[in-house]
Amino acid sequence: MWRQLTALKAATSPFLSVDALGRKGALWTAPELVCDVSFAEWTPDDHLRHPSFQGLREDKQASEVRREVAVKPAEQGLTT
């Protein structure tokens, strides 16, 4: 994976805004790889709580990735 990441090395962050968290010594890359991550929840400041890398995905392009939003059962047409 290190070879894949270094091949995508970028001079600057691909994100619109980056806080100071983890910037020193960071290796920025073009957003081309997609990975599966398990996590407990989103924090109020939009960080992942307890993220765990599950592996790279080859079935999805980076341009297809969207943040999933939880839907309440009533919104899915289900009744309790």
Side-chain angles (χ1 to χ4, degrees):
M1 189 185 325
W2 179 252
R3 280 183 242 153
Q4 288 176 290
L5 290 172
T6 55
L8 298 172
K9 187 175 180 179
T12 59
S13 168
F15 304 106
L16 295 176
S17 64
V18 177
D19 61 18
L21 182 66
R23 283 182 27 190
K24 185 176 182 179
L27 169 68
W28 297 114
T29 64
E32 294 181 21
L33 299 176
V34 177
C35 70
D36 191 15
V37 176
S38 295
F39 60 96
E41 65 182 346
W42 287 95
T43 65
D45 56 347
D46 286 331
H47 290 93
L48 299 179
R49 186 176 313 283
H50 307 296
S52 174
F53 174 75
Q54 300 298 305
L56 290 176
R57 292 186 56 170
E58 307 228 346
D59 62 324
K60 188 176 268 197
Q61 297 293 316
S63 60
E64 298 175 58
V65 176
R66 301 287 180 267
R67 181 173 173 175
E68 295 177 355
V69 179
V71 178
K72 295 178 184 175
E75 293 174 11
Q76 295 176 346
L78 303 175
T79 58
T80 54

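FYI, side chains are in, hydrogens and waters are out, and symmetry mates aren't considered; it's all heavy atoms of this structure.
- The shortest non-hydrogen separation linking Trp28 to Thr12 is CB-O, 3.5 Å.
- Heavy atoms only, all atoms of each residue included: Trp42 and Arg67 are closest at CG-NH2, 3.0 Å.
- Between the side chain of Gln54 and the backbone N or O of Ser52 there is at least one donor-acceptor pair closer than 3.5 Å.
- Side chains of Val34 and Glu64 form no contact here, defined as non-hydrogen atoms less than 4.5 Å apart.
- At most 12 heavy atoms of other shown residues, nucleotides or ligands fall within 6.0 angstrom of atom CD in Glu58.
- Summarising the geometry, atom CE belonging to Met1 is positioned 4.5 Å from atom CG belonging to Leu56; distances are rounded to the nearest 0.5 Å.
- Nearest heavy-atom pair, Ala30 versus Ala10, reported as atom, atom and distance to 0.1 Å: N-CB, 4.2 Å.
- Here Leu33 contributes atom CG and Lys60 contributes atom NZ; the two are 14.5 Å apart, rounded to the nearest 0.5 Å.
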